[in-house]
Amino acid sequence: MNAMHESRFILHIDLDAFYASIEQRDRPELRGKPVIVGGSPEGRGVVSTASYEARRFGVHSAMPSRTAQRLCPEAIFLPARFEVYRAVSQQVMAIFQAHTALVEPLSLDEAYLDVTAAVHHLEEAAQLAREIKQQIRSTTDLTASAGVSYCKFLAKLASDAHKPDGLTVISPEQAPAFLEALSIDTFFGVGKVTAAKLRELGIEHGADLKRLGEERLRALLGKHGSQLYRFVRGEDDRPVEPRRERKSIGKEVTFERDLVDRDRMEGVLEQLAGQLERRLVELDLRGRTLTLKVRWSDFQLITRSVSRPEGFQDAQAMLPVLCTLLAQLAGGNRPVRLLGVSVSHLLSREEVQRTGRVTALPLWDRE
Ligand code: TTP
Ligand code: MG
C-alpha cells in the first residue's frame with residue numbers, strides 16, 4: 001500500500017431504504033410495517049425499494065412487484081413521489097456540502113465525501129461521520145449508514161456492512177482481513193456472471209481472489225480484472241469527483257463473452273434503458289438525443305443517435321428506437337463486446353416548459 005492511500009479520509013454515506021423511509025416518515029401509520037415503493041403488483045412494475053420490514057420476506061429492489069406481493073402478502077404498495085425524494089436529497093447534499101466541497105453524489109441518497117482537509121486521523125473522520133448522521137436525522141428525520149476508510153471502495157463496503165443506521169470504520173490495518181473475508185459477490189464490478197466464473201475456479205472469498213495473479217485476472221475478466229487485482233489488495237486511488245455540469249447520462253455493459261444473439265442484445269438494451277430511465281426520473285431530466293453505442297469484438301466503436309424535440313425519459317420510448325438502431329448496425333452476425341445507451345442535450349423540466357412548444361405533451365405523467 002502506498003502512502004497516498006493512507007493519507008486520505010473518505011466517507012460514504014447512504015440513506016436507509018430511502019424512498020420507503022420517507023413514506024414511513026410522512027405517514028406514521030406505516031411505521032414498523034412492510035412498505036414497498038414501486039409499481040403496482042397488478043401491473044408489470046418492479047420494486048424501487050422496500051422497507052426493512054419487507055426485506056425480511058426477501059423483497060428487494062428491481063424485483064417484479066408481483067413477486068414481492070407473493071413473498072409478502074401484507075406489504076403496502078405505494079407509488080413513488082419523486083418530487084419529495086428530490087427535495088430530501090437536496091437537504092442531505094447540503095449537509096454534506098457544509099463539511100467539504102469534495103462531494104460526489106452517486107444517486108439521490110448516496111455520496112462519497114473526501115474529508116481529508118477537515119480531519120487529522122481516522123477516528124476524527126468517524127466522529128465527523130457520526131455528526132453528519134446526526135444532522136441528517138435532525139434535519140430530515142431519516143437514518144443513514146456511513147462508511148469511513150482511506151479509499152472509495154472500502155468506504156462504500158463499510159457503509160454497507162451495518163445497515164440500517166450503521167457506522168463502520170475500516171482502517172488500513174483492518175483492510176486486508178476485511179477484504180480476505182469478503183464474498184466475491186460483494187467486490188465492485190463483479191456481476192453474477194463473473195462471480196459464477198470465479199466460483200468455477202473455486203474462488204469464493206477475497207483470500208482466494210488474492211491468489212490469482214494480475215495477468216490471470218485480466219485474462220479472465222478484462223480490464224475489470226486489473227481493477228479487482230488492486231481492490232482485493234485495498235488499493236483504490238480513484239479521487240472523489242464533485243459533479244461538473246452534466247453533459248450526458250448513460251449506462252453501458254461490457255460482456256464477459258461477446259454476444260451474437262440479437263434477442264439477448266435487445267434484452268440487454270431493455271435493461272440499460274430501464275436503468276437510464278431510473279436515473280433520469282430521479283434527476284428530473286429528459287435527453288433530447290438518444291445514443292446507442294456498440295463495440296464490436298474487434299474493439300471498433302460505433303455510435304448512432306436519434307433526436308426528438310420532446311426528449312427521451314421512458315425506457316418504453318427508448319427501446320424501439322434503440323432496437324432499430326441496433327438492427328441497422330448489426331446487419332450480419334457480428335459479435336458485440338459492449339452495448340451502451342445514453343442521452344445528451346439534457347433538458348430540465350423548466351427548460352422543456354420554457355421552450356413552450358412541447359408543454360402540451362404529458363411529459364411527466366408517471367408522477
Ligand atoms: P439504494 O440506496 O440502493 O437503496 P435504499 O436506500 O432503498 O436501501 P439501503 O440503502 O438501505 O439498502 O437506492 C436508493 C433509492 O433508489 C431507493 O430508495 C429507491 C431507488 N432505487 C430504485 O428505484 N431502483 C433500484 O433498483 C434501486 C437499487 C434503488
Ligand atoms: Mg440507500
Side-chain angles (χ1 to χ4, degrees), residues 46 61-62 104-108 110 112 152-153 156 185 187-197 217-218 220-228 231 236 238-239 241 243-283 285-308 311-330 333-346:
V46 297
S61 293
E104 179 179 337
L106 299 177
S107 67
L108 288 186
E110 186 185 339
Y112 289 112
K152 286 163 86 169
F153 173 60
K156 189 165 164 82
D185 311 281
F187 278 90
F188 175 78
V190 175
K192 283 202 184 87
V193 184
T194 307
K197 220 170 180 179
L217 268 175
R218 191 198 271 281
L220 275 169
L221 309 173
K223 72 171 194 300
H224 276 314
S226 300
Q227 195 175 46
L228 205 53
F231 281 176
D236 173 15
R238 293 174 303 155
E241 293 183 292
R243 289 277 152 80
R244 295 127 296 186
E245 188 67 15
R246 242 182 275 264
K247 293 272 190 297
S248 70
I249 301 181
K251 299 280 170 190
E252 62 179 53
V253 57
T254 302
F255 307 111
E256 322 269 329
R257 295 193 184 90
D258 295 343
L259 282 193
V260 278
D261 183 81
R262 181 70 57 81
D263 282 348
R264 300 241 336 250
M265 293 180 203
E266 291 185 355
V268 170
L269 290 179
E270 188 175 357
Q271 279 181 1
L272 291 171
Q275 291 168 10
L276 184 56
E277 170 185 306
R278 181 182 146 217
R279 200 68 192 115
L280 289 168
V281 170
E282 274 196 354
L283 295 166
L285 292 171
R286 300 177 71 85
R288 200 168 270 167
T289 304
L290 175 66
T291 300
L292 170 71
K293 175 168 155 188
V294 178
R295 193 187 286 285
W296 306 108
S297 53
D298 62 6
F299 282 85
Q300 192 198 347
L301 188 71
I302 284 192
T303 60
R304 285 287 180 277
S305 302
V306 167
S307 296
R308 285 185 180 165
F312 293 91
Q313 187 184 59
D314 295 354
Q316 274 187 5
M318 293 191 242
L319 192 59
V321 178
L322 293 168
C323 290
T324 306
L325 291 175
L326 180 68
Q328 288 166 0
L329 282 177
N333 274 348
R334 207 166 162 193
V336 168
R337 189 179 154 72
L338 169 151
L339 283 174
V341 176
S342 65
V343 294
S344 52
H345 299 118
L346 299 174

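Computed from a predicted model, the values in this text were never measured in an experiment. What you see below is based on every heavy atom in this structure, not just the backbone, and it leaves out hydrogens, waters and symmetry mates.
Listed here is the closest heavy atom pair of Leu259 and Val268: CD1-CG2, 4.1 Å. Here the closest non-hydrogen pair linking Gly287 and Val343 is CA-CB, 3.8 Å. Between Leu221 and Lys197, the shortest heavy-atom contact is CD2-CD, 4.5 Å. Across Arg279 and Ser107, no two heavy atoms sit closer than the pair NH1-CA, 3.6 Å. Taking every heavy atom of both residues into account, Pro239 and Glu104 meet most closely at O-OE1, 3.7 Å. Taking both residues in full, the closest heavy atoms of Trp296 and Leu329 are given as CH2-O, 3.9 Å, listed atom of the first, atom of the second, then distance.
Two residues are said to be in side-chain contact when any heavy atoms from C-beta on lie closer than 4.5 Å; Tyr112 and Glu241 fail this criterion. Residues Met318 and Leu276 have side chains in contact (heavy-atom distance under 4.5 Å, counting atoms from C-beta outward). In this structure, Arg278 and Lys251 have side chains that are not in contact, with every pair of non-hydrogen atoms separated by 4.5 Å or more. Two residues are said to be in side-chain contact when any heavy atoms from C-beta on lie closer than 4.5 Å; Gln328 and Thr324 meet this criterion. Using a 4.5 Å heavy-atom threshold, the side chains of Arg262 and Leu326 count as touching. In this structure, the side chains of Val294 and Met265 stay at 4.5 Å or more apart for every pair of heavy atoms. Annotation: side chain of Val336 is not in contact with side chain of Arg334 (no heavy-atom distance under 4.5 Å). Residues Glu252 and Arg295 have side chains not in contact (no heavy-atom distance under 4.5 Å, counting atoms from C-beta outward).
Here OG1 of Thr291 is found 10.0 Å from NZ of Lys293. Values are rounded to the nearest 0.5 Å. Rounding to the nearest 0.5 Å places CG of Leu338 at 4.0 Å from OG1 of Thr254.
Thr289 pairs by the side-chain hydrogen bond (donor to acceptor under 3.5 Å, both in side chains) definition with Ser307, His345, not counting sequence neighbours.
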